[in-house]
Amino acid sequence: MSSKPYLSLDKISKTYALGREKFGGPERFLQAVDQISLDVPRGETLGLVGESGCGKSSLARLIMQLERPSSGAIAFDGVDPAGLNATELKAARQRFQMIFQDPYASLNPRMRARAIIAEALVNFRKGNAEEINRRVEELAIQVGLSSFHLDRFPHELSGGQCQRIGIARAIALSPDLIVADEPVSALDVSIQAQILNLIVRLQEEMGLTLVFISHDLSVVSHVADRVAVMYLGRIVELGKTADLFGRPAHPYTRTLLTAVPRPMPSSRGKRSRISGELPSPLNPPSGCHFRTRCSFADARCAAEVPVLRVIGGAQQAACHHAEDIQATLNQDEIETDNA
Amino acid sequence: MTAVSPHIDTGQNVLTVSNLSLEFSNSAGVVRALDDVSFAVRKGEILSLVGESGCGKSVTAMSIMGLLPRHGARIVSGSVRLGEQELLGASERTMRRVRGDRIGMIFQDPMTSLNPVHTIGMQIAEVVRQHRGLSGAAARARALEMLELVRIPDARNRLGAYPHELSGGMRQRVMIAMALACDPELLIADEPTTALDVTVQAQVLDLIADLRQNLGMSVIFITHDLGVVSSTADRMMVMYAGRIVEEAPVEKLFARPSHGYTAGLLQSLPGTQTRHRDVLAEIPGSVPRLDKVVEGCAYAPRCSFATGACLDPLPPPRRIEPEHSARCIHSETVFETIRNTDIVRAWA
Amino acid sequence: MTASCVAVLLFFVLVAIFAPLIAGDPIALNPAERLTSSSESAIWGRDHLGRDVFARAVYGTRTSMLVGFSVAGLTTLFGVAIGIYAGMSRIGGAVIMRLNDAMMAIPAILLAIALASLMNAGVVTVIIAITLPEIPRMVRLVRSVVLGVREQPYVAAATSIGTSGLAMVWRHILPNTLGPVLVQATYACASAIIASAVLSFLGVGTSPEVPSWGGMMADARSYFRIHPELMAYPGALLSMLVLVVNILGDRLSDALDPRKTRRGSL
Amino acid sequence: MLRYIVGRLLAAVPIFALVGIFIFSLVHLMPGDPAVLLAGDNANPKQVEKIRERLHLDQPVIVQFGIWAGNALQLDLGDSVYSNQPVTKLIAQRIEPTMMLAVVTLVITVLIAVPLGVIAAWRANGLADRLIMAFAVLGFSLPVFVIGYLLVYVFAVRLKWFPVQGYKPLEDGVLATLHSLTLPSVALALVFAALIARVTRASMLEALNENYTRTARAKGLGTFRILVVHALKSAGVPVITVIGIGFATLVGGVVVTESVFNIPGIGRLTVDAITRRDYPVVQGVILFFSALLILINLLVDLSYALFDPRVKG
Amino acid sequence: AETLRLRMNGDINTLDPIATTNFTIRNAAYLMYDTLFSMDANYEVQPQMAEGYTLSDDGLTYTITLRDGLKFHDGTPVTAADAVASLERWGKADGLGKTLFAKMASIAAPDDKTIVLKMNEPWGQVIPAIGKISSNIPVIMPAGMAANDPTDPVVTPIGSGPYKLVPEEWVPGSIAVFEKFEDYKPRSEPASMAAGGKVAHFDRVELVYIPDTATAVDALIAGEIDWIEEVPSDMIAFFDGVDSAKPIAARQSGNSMQLVVNHLNPPFDNPKIRKALQWSVEQTPFLQAAYGNATERYLECAAVFFCDTPYASDAGTEAVLTRDLDKAKALLEEGGYDGTPVLLMHVTDIPAHDAYYSVLKPMLEEAGFVVEEQITDWATVATRRASKEPVADGGWNLFFTGWGFVDQSNPMTNVYVAGACGDGWFGWACSEELQELRKKFADEMDPDVKKQLAEQMQVLTHDLVSYVPLGQSFPSQGIAANLEGFIESPVPFFWNVRRTQ
Ligand SMILES: Nc1ncnc2c1ncn2[C@@H]1O[C@H](COP(=O)(O)OP(=O)(O)OP(=O)(O)O)[C@@H](O)[C@H]1O
Ligand SMILES: Nc1ncnc2c1ncn2[C@@H]1O[C@H](COP(=O)(O)OP(=O)(O)OP(=O)(O)O)[C@@H](O)[C@H]1O
Ligand SMILES: [Mg+2]
Ligand SMILES: [Mg+2]
């Protein structure tokens, strides 16, 4: 990695206590994020993919300081917000912002768009009412909304328009980092491209560092410089977008790539079959979490947790058999036209 | 790619929908949810219905099943025939005999589509008891058979399980088992995999394809995911704002998109034809509300090909080539513009 | 329907406010004319002490509305304040909810009767006696709504743009809690009116000469057979007021129910 | 299951303790000498002295509470100052009528309310729905004693079908008991049923709007089966919950109904004790009803398992 | 088994007629207790448990013998010692009893059958006193029970009367159940008021407490109960066209209503303020409030010894019968009334009382009194009135009560003319002069002098304001049509009553 990381995660974990299922039963814990270490350099777009429940949003909330990690440390530009007091933390919040998965639910239904966007500016006293209002109008234009949209309530706006308001709110304080948590998954296909374009454009204009979360590989491959693949709370593979999609080293990455149906003639009837059920995150398999669905799994996979290790260039994978798998990779099986 | 899958009997239509128009009315006004929808499902084929949220996919399915809400929905015109039997306007008794027996249906959200307070065994068995009049034991046996058919591991012990004890993928498979328990002629799957994870979705899609092959039923497969369509369906219909705007066998449609909306969709998909971080082709505007009946093309306001003529009353579907039709007066221009994109070239 | 309910409610409010202009003295006794039916001086007749039934009914509107609205108002005020605190604070919330459970384990009407009988008879006593047991219910409701609202993405969004503390409560939590609270408040209002009647009936309500519908009905029960109108007038008024408030509560809850605005699932 | 019950009972202990503290302080926090207050307005100095001794009023408040609670745990709640009888005996004498009244009311309520709620939800917004809901709102809007007097007038005084007042104990035969309880139960049930019918309708509507109902219809099931087997069972939890919560309301209703119909139950005892300022009895009765409510809530919680497998212990 | 169901005006919270003068308790006591002597329909005292008595020639020694075979409900025989103990207890509580014992030298039981009562001086009222018909009636109870302090009610009462209490079925606040006492031996004479043979025709008597009078009347008409002590005049109409039950107005059961004044507590410890009270009230509104226009059912009357009786008089009644607010206010001023609140214990379970309090409150307030009202029931008042404490400690200022014809018409039993101070009846009006007059009256034999003395007593009483009379009424009982054998009496008796076939 070239520059000093802007965002740096050091072995952070998050465990949720779920209480007891029945009286007298054991207390249950869910390890949503498991020892994740990650560096994101300034200006980079990091894609984060993985199936539902693998901990993507939890990770996003940890980064956003909406929750405290159970262990590990987060640093923005070398500073860990965990060490800040309430006032300092509030001030620090200006530097990192989030775009939420559900554009409608992330807007207070009883506030008008104008107030929603203005709230951040009000919180940090960015000028008097008039200045704030002027800024809100500017932001609206920046995200492609007209000022009449600003006087509407969220339910009077379409999903795409709601997401634009969410984006305007996120950029209002000119943050350094934006975490976009599945920003298009709730939107109609024809709107998706509008929002993706908007995010990419804003990122470039503002020189943002972007963490882009999605379960849609094609979306991630479109926007990300690097991609991290998560499975049940752990990062299983991390690398440059082209490398990772071109030469996946972890069997789960491979499974994902084949499982996603793509509107290409090559994907007709050519999927490789996936066996095994998705394990419960409450009770994940020992060792490598993926071993129950993996054709390469052996005794070692059950006994030993594979660590994320460099397997060539900038590519890292958490698999005992990564090299073998990469070697046996049959290029025909995988789409390459996204590289 | 063969044009037609071997298991399709082109000569026989299981279901024929013609000129179906439907309105919802409530205090806010009238919504024309379906406008002159016609199509046929052939024996053994998977017909896919694609389109964005609110375009009328589910309503189409519900009209076929006779499950439209009692109040507010009004069928303006049209007919739905299952084989020789007219379903529109049929009595509730008749429809009850059709549902679950001759037409099975599965829904988008397997998490909530199963009744949480009954065992899955009971929920499957009750279908065959209802339609086949089987005894309790026989119905249970059938339920077990179905669970095995849809590849539920340890099926015998799962009969007594409650839905919350199963994973999402297993629940969706239970739904399929339930829909197929009476060997229906037609399976309607309304976005059956939208709520599932990609790997689980792949398993379910495989299952549906296999079952179609083994049981020889017809499937209406509703989705908004073009990837799912291309990998599963034989034929597809694209819907926009209550109308079918383009219809063709899958490979023909991808190879020669002839409606502005289809073209827009294909172009705006990331990772298909663009380079990394290129600006994607956008469809401007947003999905229309249906509360105003438009005479002309509903897509025209968002369409880059639109001309004044698009606002004139819509002509009947244009035949592009055999089995391929589109409701677009500019279909030639559309195709010409898009023919060089990666995705179309890949299919051509 | 809603409009006519509002009209009726408004009518009651006006009657309560302008009672002195509408009716005569509700307390003056006239034993010589006791239990007489409608006359010029008393159009709804006189009760067993010769008091003007119409005047008592009109002034009774005051008592009932005062009780109903005060209880609803106080319950909402305290319920919302305590409930939001209980919903926002972990430890404080747990303590409050324990206390709440204990309060709720005591049947409300018993608590009300006990309180009403411990204190001196009077409208204020009745209001306090009905409000106190009503508050825990409101607290519980508010807290559960707040717990839900707190998990909403828009609250996370607000946190991430630096909203916290009172601003969070004021801008985000409170407005989104108020819907169900208002509905509950209308029910509290309606049930308080009934409860005050019941207290009067049990002899622990407002003092006997203060005109209240409940007291009138309680007095009338002995004469119910011969002078049913003595119970019918206040009974009808009470039912009408409670009905109207109930219906408005229902309407409110329908109007605030997001599902009603979303489309049906079919 | 047993562990669950024991656990729930244990969880009720602190609540009950708080109720105890509350009841204790009801008298002790009032201004004035608690002994005089407890002895009632009509006590002579000797009685006051007796109470002072019994409660150890010379000791610190904590000790007093300990003694009081200790006695209460041994079911010794003191003597009524009105009749000089032990409070526990007074309560025990009157449990039967109250329990019978509550049970009969509950049965009538469920028999009336649940079918009405189901029909209303099934025919949502139709005529039947409107009528049923009109009844429900009306039932809500009438004080129970008004309904009571009306019922007495029509069915006892005019038609002479039922007794005007009073309670026939079970030893006179179940039928006699039921006969004597019909009017009071119906009066109570009308109010209570209004509540249950509303909740049944609401939760049925919710269940009918659920995706699984759509599934059931798509399976071709009959209306009855959809309503009862699928929707009603799922709607059971909220309905049961409200029946539990409503029980508290029912207690309030019982107090009034017992007065109207002159049923010698705990409700009447309560009202009498309160108007007579018979504090030992008041304390005892509140304690009794609180314990009852806690018990009912436990039963309600246990019955969830009948309706919803997700809460199986 | 034949059951008689009775509804009294109040509830039974004790069965000790010595500890209270409450009429409900008195009525119930007659079921289960017996007396040595009792009054017949001619107002003459006849032996009841006594076989008879002899009076020594000096008029000082009474020797009373008990009948054979008398038994208490617990099976033990009634002895003279029991009777002596019982009389002594009564003598500590009852007004007349106190007078009797004051004049008495000794009372003793030389053997099981004989009671010897020695007086200090001859006194004509000895037998009338122990034969008195109304509260407190000198009932005979086991000596053990009689050892109880008279203010402390006995908890497990035992009598020797025709019916015995069933303690297990006694639910205070609801019902008190009595069973026929098989060992009771009625006298052979026919029943005559409280005297004569008390024959129990029912196996079971239930005193049902139905607080709501309207409900009670409906229950009577429906046949659920057999008898109601008092049917309010408003409800007489309930009986129109009903043949299952009827109201019976009996002049003999006539009552007078009184407002009793506590002379111990301020403000009424001040004679001026008592007078102010007298001027503040008048009778008509009260009577109307209770009886409406049913004028045949009431009478304005300020005669201390009842109107239409030998000692009736209108001397000194002006202040009682007229209302003069100016005089009242002036007296308040003069008496230095400082706004001390007057406690009204508003009784709601007796309709007439309920109405009376509602009338009284504005009357007092108009005159300038400060009133504090407390809602309560009769049983509470009936007990609380015994307290001599200040109001704050459970005492009282005013309450309404009624006395019957029998007690009131006799200067010896009329509690208001005793002037006996702390030893007197509630209110504790204090007047040496009155005490003297009463003594004279007791010793006087000449009817004309007696009448004069009575008139003086009346004037003094009204001057003292030991109470304010509120008029006389003739309430109706409600009786099931199939009952017969009711005894004409100011106190309701239930022996001799039977059901027609
Ligand atoms: N507050 C919480 N309490 C308990 N468990 C939680 C909580 N939040 C998340 N989880 C659990 O943690 C796991 C990871 O959740 P998370 O929301 O991070 O997943 P995700 O990858 O974002 O999934 P999705 O794609 O569905 O959004 C899930 O199993 C989830 O159920
Ligand atoms: N019960 C109803 N009342 C009124 N309008 C309805 C009702 N059901 C559906 N509609 C309208 O009919 C149109 C088509 O709805 P439909 O559910 O068929 O869309 P869909 O294509 O299935 O969308 P999705 O992808 O969101 O499931 C929508 O505009 C919707 O608003
Ligand atoms: Mg997520
Ligand atoms: Mg749909």
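Keep in mind that what you see is a predicted model, and the values were worked out from it rather than measured. Protein chains get the first letters and strands the later ones, always in sequence-line order, with residue 1 at the start of each.
- Counting heavy atoms from C-beta on, the side chains of Gln165(D) and Ile210(E) come closer than 4.5 Å.
- Atom OG in Ser174(E) sits 8.5 Å away from atom CD in Gln93(D) (nearest 0.5 Å).
- In terms of non-hydrogen atom pairs under 4.5 Å with chain E, the most contact-rich of Val164(D), Val157(D), Asp272(D) is Val164(D).
- With a threshold of 4.5 angstrom between heavy atoms, Tyr209(E) approaches chain D through its backbone and through its side chain.
- Heavy atoms of Ala222(E) lying under 4.5 Å from chain D belong exclusively to its side chain.
- Taking CG of Asp11(E) as the reference point, atom OG of Ser83(D) lies at 8.5 Å (rounded to 0.5 Å).
- Annotation for Lys246(E): atom NZ counts as buried by contact number, over 12 foreign heavy atoms lying within 6.0 Å.
- Using a 4.5 Å heavy-atom cutoff, the side chains of Pro211(E) and Asn262(D) are in contact.
- Judged purely by atom type and a 3.5 angstrom limit, Glu224(E) has no side-chain atom pairing as donor or acceptor with the backbone of Gly166(D).
- With a threshold of 4.5 angstrom between heavy atoms, Thr14(E) does not approach chain D through any atom at all.
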Open item on the list: For a side chain to side chain contact (heavy atoms under 4.5 Å, CB included) check, start with the C-alpha distance between Asp212(E) and Val260(D), then their side-chain angles and the critical distance, and finish with the verdict.
Closed with: CA-CA 8 Å; Asp212(E) 191 313; Val260(D) 171; over 6 Å; no
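- Contact check for Pro264(D) versus Ile175(E): no side-chain heavy atoms found under the 4.5 Å cut-off.
- Using a 4.5 Å heavy-atom cutoff, the side chains of Trp170(E) and Gln85(D) are in contact.
- With a threshold of 4.5 angstrom between heavy atoms, Tyr149(D) approaches chain E through side-chain atoms but not through N, CA, C or O.
- Every residue two or more places apart in sequence or in another chain was checked for a ring-ring contact (aromatic ring centres under 6.0 Å, His included) with Phe426(E), and none qualifies.
- Neither the backbone nor the side chain of Glu169(E) comes within contact range of chain D; no heavy atoms are under 4.5 Å apart.
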